[in-house]
Amino acid sequence: MKPIVVLDFETSGMSPDFNDRAIEIGAVKIVDGAIVDEFQSLMNPGVYINGFIQDLTGISNDMLKDAPHNSQVMTQFYEFIQDSHIVAHNLSFDKKFLDAELGLVDLEFTGSAGCSLLLARRILPDSPNHKLGTLVNYCRVPKSGQFHRALDDAKMTGFIWLAMIDKIESSIGKTVSFEMIQKICKTPKKKIPELLASI
DNA sequence: TGCCAGGCCCTCTTTAGGGCCTT
């Protein structure tokens with residue numbers, strides 16, 4: 001089974017379509033249900049980081065001043081995710097930035113991707129909501145460090161992912177493939193019990 | 001220059017609207 005890289009970006013805003021850029025990447029690599037490696041780097045895209053983002057992340061313009069440029073970091077990160085599946089909390093957000101930043105260095109990730117937010121809405125329907133911070137408490141996984149820092153968020157997302165996989169596998173009594181997880185994420189909530197019973 | 005998102009999912013739906021998530 002391929003490794004799973006759980007990743008998280010901190011960015012200058014909500015969309016690369018409006019010239020927002022990644023300012024930090026954090027990721028953990030999961031093999032056989034355990035975190036075996038990690039990747040973290042600030043990166044300096046050469047754009048000014050506004051006060052809201054500085055307050056949210058604790059990442060200041062001064063901290064980015066001497067950070068390596070995005071092109072250098074993303075080239076290294078591309079090697080880190082080779083031959084892996086990727087997972088993120090609200091994948092559609094992080095995948096946009098991954099594609100945009102890799103595209104700027106003429107690279108492309110063509111592997112499979114999964115979303116812990118979509119899985120949580122299906123597997124943990126009784127959670128008060130499906131924000132990362134809420135799921136950390138709901139799943140009783142370790143709170144590692146500071147929210148809105150990339151590596152800490154990636155670690156916590158990784159723990160939540162593993163907790164959800166464990167819950168699925170405990171309920172059906174067998175292991176599930178990454179492809180099956182993707183299928184669960186695409187299945188309407190109402191049909192999840194029926195799907196799990198059929199595995 | 002400055003503008004500022006968008007996919008998912010529910011429902012009093014599908015000829016739509018609005019909340020949830022991510023920074």
Side-chain angles (χ1 to χ4, degrees), chain A residues 5-28 39-61 63-64 67 70 73-74 77 81 86-104 109 112-139 141 143-161 163-164 181-195:
Chain A
V5 171
V6 182
L7 64 91
D8 183 69
F9 280 106
E10 304 307 318
T11 71
S12 65
M14 296 303 287
S15 174
D17 294 337
F18 289 88
N19 299 321
D20 293 320
R21 297 294 303 273
I23 59 174
E24 186 182 39
I25 176 76
V28 294
F39 185 104
Q40 185 276 332
S41 183
L42 291 171
M43 53 185 126
N44 183 0
V47 302
Y48 179 78
I49 308 305
N50 67 40
F52 175 80
I53 296 296
Q54 292 188 63
D55 290 343
L56 181 71
T57 64
I59 299 170
S60 65
N61 288 290
M63 289 167 66
L64 296 181
N70 291 42
V73 175
M74 292 309 298
F77 187 65
I81 58 177
I86 62 168
V87 162
H89 197 65
N90 200 5
L91 176 72
S92 65
F93 176 86
D94 289 283
K95 187 67 163 47
K96 274 192 306 185
F97 279 94
L98 179 69
D99 290 344
E101 294 291 347
L102 286 179
L104 290 173
F109 176 74
S112 299
C115 179
S116 56
L117 171 62
L118 296 185
L119 188 61
R121 285 174 173 163
R122 287 159 176 77
I123 300 303
L124 307 172
D126 295 333
S127 178
N129 60 56
H130 299 90
K131 296 177 184 178
L132 183 61
T134 302
L135 292 173
V136 166
N137 292 324
Y138 187 79
C139 294
V141 300
K143 179 180 180 298
S144 52
Q146 178 186 344
F147 287 112
H148 291 298
R149 285 304 299 266
L151 180 59
D152 290 332
D153 281 1
K155 281 181 182 173
M156 290 186 277
T157 303
F159 290 142
I160 291 165
W161 181 263
M164 291 192 291
I181 299 298
Q182 288 180 305
K183 186 174 180 180
I184 292 171
C185 290
K186 291 178 182 173
T187 300
K189 275 172 68 175
K190 288 178 183 173
K191 295 190 174 179
I192 292 299
E194 181 184 332
L195 174 64

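These numbers were taken from a predicted model, which means no experiment stands behind them. Throughout, protein chains are lettered first and strands after them, A, B, ... in sequence-line order, and every chain is numbered starting at 1.
- Annotation: side chain to side chain contact (heavy atoms under 4.5 Å, CB included) contacts of R149(A) (sequence neighbours excluded): E24(A), Q40(A), L42(A), I59(A), M63(A), Q146(A), D152(A).
- Of the candidates dG6(B), dC9(B), dT23(B), the closest approach to any side-chain atom of L118(A) belongs to dC9(B).
- Using atom C1' as the reference point in both dT14(B) and dC9(B), the two lie 14 Å apart (nearest Å).
- dT22(B) and dC4(B) have their C1' atoms separated by 15 Å, given to the nearest Å.
- Regarding L7(A), its CG atom lies at a distance of 14 Å from the P atom of dT22(B), rounded to whole Å.
- Closest approach to the S92(A) side chain among dG7(B), dC9(B), dT23(B) is made by dG7(B) (side chain taken as heavy atoms from C-beta onward).
- Distance from the side chain of R122(A) is smallest for dC9(B) among the nucleotides dC9(B), dT23(B), dC4(B).
- Note: NZ (K186(A)) to P (dC8(B)) measures 10 Å, nearest angstrom.
- In this structure, D8(A) places its CG atom 9 Å from C1' of dT23(B), rounding to the nearest Å.
- With rounding to the nearest 0.5 angstrom, the CG atom of D153(A) is 10.5 Å from the OG1 atom of T57(A).
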Exercise. For the pair V73(A) and I25(A), evaluate side-chain contact (heavy atoms from CB on, under 4.5 Å) and give the outcome as yes or no after the intermediate values.
Key: CA-CA 8 Å; V73(A) 175; I25(A) 176 76; 3.6 Å; yes

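- Rounded to whole Å, the C1' atom of dG18(B) lies 13 Å from the corresponding atom of dC12(B).
- Qualifying ring-ring contact (aromatic ring centres under 6.0 Å, His included) partners for F109(A), counting only residues two or more places apart in sequence or in other chains: none.
- In this view, L56(A) and F52(A), H148(A) satisfy the side chain to side chain contact (heavy atoms under 4.5 Å, CB included) rule, not counting sequence neighbours.
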Side-chain donor/acceptor pairs under 3.5 Å, residues 5-12 of chain A, sequence neighbours excluded:
residue	atom	partner	partner atom	Å
T11(A)	OG1	G13(A)	N	3.4
T11(A)	OG1	G13(A)	O	2.5
S12(A)	OG	R21(A)	N	2.8
S12(A)	OG	R21(A)	O	3.4

Quiz item: Would M74(A) and M43(A) satisfy side-chain contact (heavy atoms from CB on, under 4.5 Å), going step by step from the backbone distance to the final call?
Solution: CA-CA 9 Å; M74(A) 292 309 298; M43(A) 53 185 126; 3.9 Å; yes

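- Put simply, CE on M43(A) is 14 Å from P on dT23(B), counting in whole angstrom units.
- Counting any heavy atom pair closer than 4.0 Å across all strands shown, D153(A) reaches sugar-phosphate atoms only and no base atom.
- Remark on DNA chain B: of its neighbouring residues F18(A) and F93(A), the 5'-side contact belongs to F18(A), judged by nearest-heavy-atom nucleotide.
- A gap of 15 Å separates the C1' atoms of dC8(B) and dT13(B), to the nearest Å.
- The side chain to side chain contact (heavy atoms under 4.5 Å, CB included) test with Y138(A) is passed by exactly one of L124(A), N129(A), I160(A): L124(A).
- If you take atom C1' in dG6(B) and the same atom in dT23(B), they sit 13 Å apart, rounded to whole Å.
- Going from atom CG of L91(A) over to atom C1' of dG6(B) covers 13 Å, rounded to whole Å.
- Taking atom CD1 of residue I23(A) and atom P of nucleotide dT22(B), one finds them 16 Å apart after rounding to whole Å.
- Taking atom CZ of F97(A) as the reference point, atom P of dA5(B) lies 12 Å away to the nearest angstrom.
- Straight-line distance from the CD atom of E24(A) to the C1' atom of dT22(B): 15 Å, rounded to whole Å.
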Self-check item: Base-contact (B) and sugar-phosphate-only (S) positions in nucleotides 16-21 of chain B, heavy-atom cut-off under 4.0 Å, - elsewhere
Solution: ----BB

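- Separation of atoms CZ (R122(A)) and OG1 (T187(A)) is listed at 7.0 Å; rounding is to 0.5 Å.
- One finds the CG atom of L117(A) at 8.0 Å from the CG atom of L135(A) (value rounded to the nearest 0.5 Å).
- Both F52(A) and C185(A) lie close to DNA chain B; mapped to their nearest nucleotides by heavy-atom distance, the more 5′-ward contact belongs to C185(A).
- For the segment residues 188-195 of chain A, residues with any heavy atom less than 4.0 angstrom from an atom of DNA chain B are, sorted by number, K189(A).
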